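Scope of the values below: all heavy atoms of this structure, side chains included, with no hydrogens, waters or symmetry mates. Keep in mind the model is a prediction, meaning the values are calculated, not measured. By convention here, the first residue in the shown sequence is residue 1.
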Amino acid sequence: MDRAGDERDTGAATGRPRSRRDLTDLSEAARDLDRRIEQHLERLRRERAQRAADIPDQRLRPSG
């Protein structure tokens with residue numbers, strides 16, 4: 001029971017502790033977020049490489 005005297009969902013009805021279920025959900029969410037971040041970073045790397053290929057190298061031009 002919580003402070004107000006109401007019963008709390010302890011996870012006993014599902015057969016596993018609530019904290020374990022929460023940790024499993026968090027682990028899955030963390031893996032999904034990590035995968036999405038890696039995909040985004042890879043896309044940014046490809047775009048940066050493409051932009052670099054499209055911009056001529058300024059150091060090769062003669063000065064003045």
Side-chain angles (χ1 to χ4, degrees):
M1 286 195 193
D2 62 9
R3 290 185 198 179
D6 297 327
E7 291 185 11
R8 294 173 54 191
D9 177 19
T10 61
T14 61
R16 52 186 223 199
R18 182 181 178 101
S19 61
R20 177 171 291 213
R21 185 178 66 224
D22 291 346
L23 289 175
T24 300
D25 292 344
L26 285 173
S27 295
E28 291 171 5
R31 282 191 295 273
D32 182 54
L33 183 59
D34 190 48
R35 180 184 53 79
R36 291 172 58 193
I37 289 170
E38 286 300 322
Q39 289 174 345
H40 182 71
L41 289 174
E42 184 57 37
R43 183 177 57 88
L44 290 175
R45 288 182 195 111
R46 285 192 309 266
E47 289 174 0
R48 181 175 53 188
Q50 182 60 44
R51 281 193 309 268
D54 292 342
I55 299 172
D57 191 356
Q58 298 293 322
R59 292 174 293 169
L60 297 178
R61 290 186 179 175
S63 60

Anything under 3.5 Å between a donor and an acceptor, one on a side chain of residues 30-39, the other on a protein residue two or more places apart or in another chain? List them.
residue, atom, partner, partner atom, Å
D32, OD1, R35, NH2, 2.4

Could you list the residues that satisfy salt bridge (Lys or Arg N to Asp or Glu O under 4.0 Å) with R48, not counting sequence neighbours? none
Taking the side chain as C-beta and beyond, is there a heavy-atom pair between R21 and T24 under 4.5 Å? no
Residues passing the side chain to side chain contact (heavy atoms under 4.5 Å, CB included) test with Q50, sequence neighbours excluded, are D54
For R51, what residues pass the salt bridge (Lys or Arg N to Asp or Glu O under 4.0 Å) criterion, not counting sequence neighbours? none
Can you name the side-chain hydrogen bond (donor to acceptor under 3.5 Å, both in side chains) partners of E28, sequence neighbours left out? none
